[in-house]
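Just below is one structure, and these are the notes that go with it.
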Amino acid sequence: MIKGLHHNAYRCRDSEETRRFYEDFLGLPLANAFVIRETKSGRRTAVLHSFYRMDDGSCLAFFEAPDRPFEFKPQHDYDLHIALEVDKESLQRMLEKGKAAGVEVRGVADHGFIHSIYFRDPNGYVIELTAKHGDHERAMDPAANGARRELDSWQREKPAPRRAARKPPRAASARRPLRASARPARRRT
């Protein structure tokens with residue numbers, strides 16, 4: 001049923017700033033861009049939707065929506081990152097290109113089945129460029145890697161979630177006095 005990824009869409013601060021990173025720096029050509037003037041619910045808007053094509057035909061897409069609030073923050077790799085496949089030679093070339101251009105770059109990280117470098121795009125998203133090791137196919141084969149067994153084990157043994165520290169209850173003397181009811185009490189007869 002599902003044939004592959006058509007596009008993955010994200011918000012962006014500025015379409016031209018985003019284009020410079022994805023097209024000029026990463027080399028993904030701008031494939032389409034169009035203005036959305038009305039939402040499907042009929043609300044008037046002014047949003048640019050742009051698409052950057054990868055070699056397999058899938059795209060990364062962005063929405064610039066100046067009329068909609070959106071809190072941009074640097075993403076932690078665990079929260080959100082976009083991993084794009086490159087060959088081994090391109091990985092090293094992009095590492096050097098990033099450093100020369102002053103783009104925040106980390107890596108090379110060896111994950112056992114892939115090597116990765118990480119950039120931060122102008123919107124705060126982490127972009128991972130990854131090159132497969134020779135044993136990548138075996139590492140990604142659930143019959144060989146025990147993925148289901150690993151997931152089931154994790155579910156049984158994972159650490160408890162960290163909870164935000166609770167404020168201690170206020171002392172009774174610090175609490176606000178109870179308000180008297182505005183209505184007089186009803187008499188029972």
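Annotation: side-chain hydrogen bond (donor to acceptor under 3.5 Å, both in side chains) contacts of Arg138 (sequence neighbours excluded): none. Not counting sequence neighbours, the partners of Asp24 by the salt bridge (charged side-chain N to carboxylate O under 4.0 Å, His left out) test are Arg19.
Between Lys132 and Glu85 there is a salt bridge, with a side-chain nitrogen of the basic residue lying less than 4.0 Å from a carboxylate oxygen of the acidic one. A salt bridge is absent between Glu89 and Arg93; no separation between the charged side-chain nitrogens and carboxylate oxygens falls under 4.0 Å. We find that Arg156 and Asp152 are not joined by a salt bridge, their nearest charged nitrogen and carboxylate oxygen being 4.0 Å or further apart.
Heavy atoms of other residues, nucleotides or ligands lying less than 6.0 angstrom from CD of Glu16 number more than 12. By the neighbour-count criterion of 12 heavy atoms within 6.0 Å, atom CZ of Arg106 is densely surrounded, having more than that number from other residues, nucleotides or ligands. Within a 6.0 Å radius of CZ in Phe34, other residues, nucleotides and ligands contribute more than 12 heavy atoms. Around NE2 of His6, the count of heavy atoms belonging to other residues, nucleotides or ligands within 6.0 Å does not exceed 12.
Phe70 is not connected to Val126 by any chain of hydrophobic side-chain contacts under 4.5 Å among Ile, Leu, Val, Met, Phe, Trp and Tyr, and they are in different clusters. Side-chain heavy atoms closer than 4.5 Å link hydrophobic residues (I, L, V, M, F, W, Y) into clusters, and following such links, possibly through other members, connects Phe25 to Met54.
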- Item | Working for side-chain contact (heavy atoms from CB on, under 4.5 Å), residues Phe63 and Leu48 | CA-CA 6 Å; Phe63 292 100; Leu48 184 72; over 6 Å; no
- Which is it for Asp121 and Tyr22 under the side-chain contact (heavy atoms from CB on, under 4.5 Å) test, yes or no, and what are the steps along the way? CA-CA 8 Å; Asp121 87 349; Tyr22 286 92; 2.7 Å; yes
- Message: Please evaluate residues His133 and Asp110 with respect to the criterion side-chain contact (heavy atoms from CB on, under 4.5 Å), reporting the C-alpha separation (whole Å), side-chain torsions for both, the decisive distance (0.1 Å), and the verdict.
- Response: CA-CA 9 Å; His133 283 209; Asp110 184 348; 3.1 Å; yes
- Just do the side-chain contact (heavy atoms from CB on, under 4.5 Å) check on Leu129 and Tyr118 with the steps written out, would you? CA-CA 6 Å; Leu129 297 184; Tyr118 302 87; over 6 Å; no
- CA sep, side-chain torsions, deciding dist, call: Ser50, Asn32, side chain to side chain donor-acceptor pair (under 3.5 Å): CA-CA 6 Å; Ser50 56; Asn32 195 358; over 6 Å; no
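In this structure, Cys59 and Tyr52 have side chains that are not in contact, with every pair of non-hydrogen atoms separated by 4.5 Å or more. For the pair Leu84/Leu26, a side-chain contact is recorded, criterion being any heavy-atom separation below 4.5 Å from C-beta on. Within the 4.5 Å cutoff, no side-chain heavy atoms of Val86 are placed close to those of Thr130.
Looking at every heavy atom in both residues, Phe119 comes nearest to Gly98 through CE2-CA, 3.8 Å. Among all heavy-atom pairs drawn from Leu91 and Val108, the shortest one is CD2-CG1, 4.3 Å. Between Gly27 and Pro29, the closest heavy-atom pair is O-CD, 3.4 Å. Between Ala147 and Asn145, the shortest heavy-atom contact is N-OD1, 2.8 Å. Of all the heavy atoms in Arg53 and Leu28, the pair that sits closest is O-CD2, 3.6 Å.
Taken to the nearest 0.5 Å, the NZ atom of Lys97 stands 11.0 Å off from the CD1 atom of Ile117. Note that CG of Asp141 is 12.0 Å distant from CG of Asp135, once rounded to the nearest 0.5 Å. Within the model, atoms OG of Ser116 and CG of Leu95 stand 12.0 Å from one another, a figure rounded to the nearest 0.5 Å. The line from NE2 of His7 to CG of Leu60 is 10.0 Å long, rounded to the nearest 0.5 Å.
Between the side chain of Thr18 and the backbone N or O of Asp14, at least one donor-acceptor pair lies under 3.5 Å. Not one N or O on the side chain of Lys99 forms a donor-acceptor pair closer than 3.5 Å with the backbone of Val105. No donor-acceptor distance shorter than 3.5 angstrom exists from the side chain of Arg148 to the backbone of Pro142, with no hydrogens or angles considered. Remark: side-chain polar atoms of Glu64 are paired, donor with acceptor, to backbone N or O of Ser15 under 3.5 angstrom.
For the pairing with Tyr125, the side-chain contact (heavy atoms from CB on, under 4.5 Å) check across Arg120, Arg11, His81 returns one residue only, Arg11.
Between His136 and Phe113, a ring centre-to-centre spacing shorter than 6.0 Å is recorded.
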Which side-chain N or O atoms in residues 39-47 pair as donor and acceptor under 3.5 Å with protein atoms at least two apart or in another chain?
| from | atom 1 | to | atom 2 | distance (Å) |
| --- | --- | --- | --- | --- |
| Thr39 | OG1 | Ser41 | N | 3.4 |
| Thr39 | OG1 | Ser41 | OG | 3.0 |
| Thr39 | OG1 | Gly42 | N | 3.4 |
| Thr39 | OG1 | Arg43 | N | 3.0 |
| Arg43 | NH1 | Asp67 | OD2 | 3.1 |
| Arg44 | NH1 | Arg37 | O | 3.4 |
| Thr45 | OG1 | Asp67 | OD1 | 3.4 |
| Thr45 | OG1 | Asp67 | OD2 | 3.0 |

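A tilted orientation is assigned to the rings of Phe62 and Tyr10, their planes being inclined by 30° to 60°.
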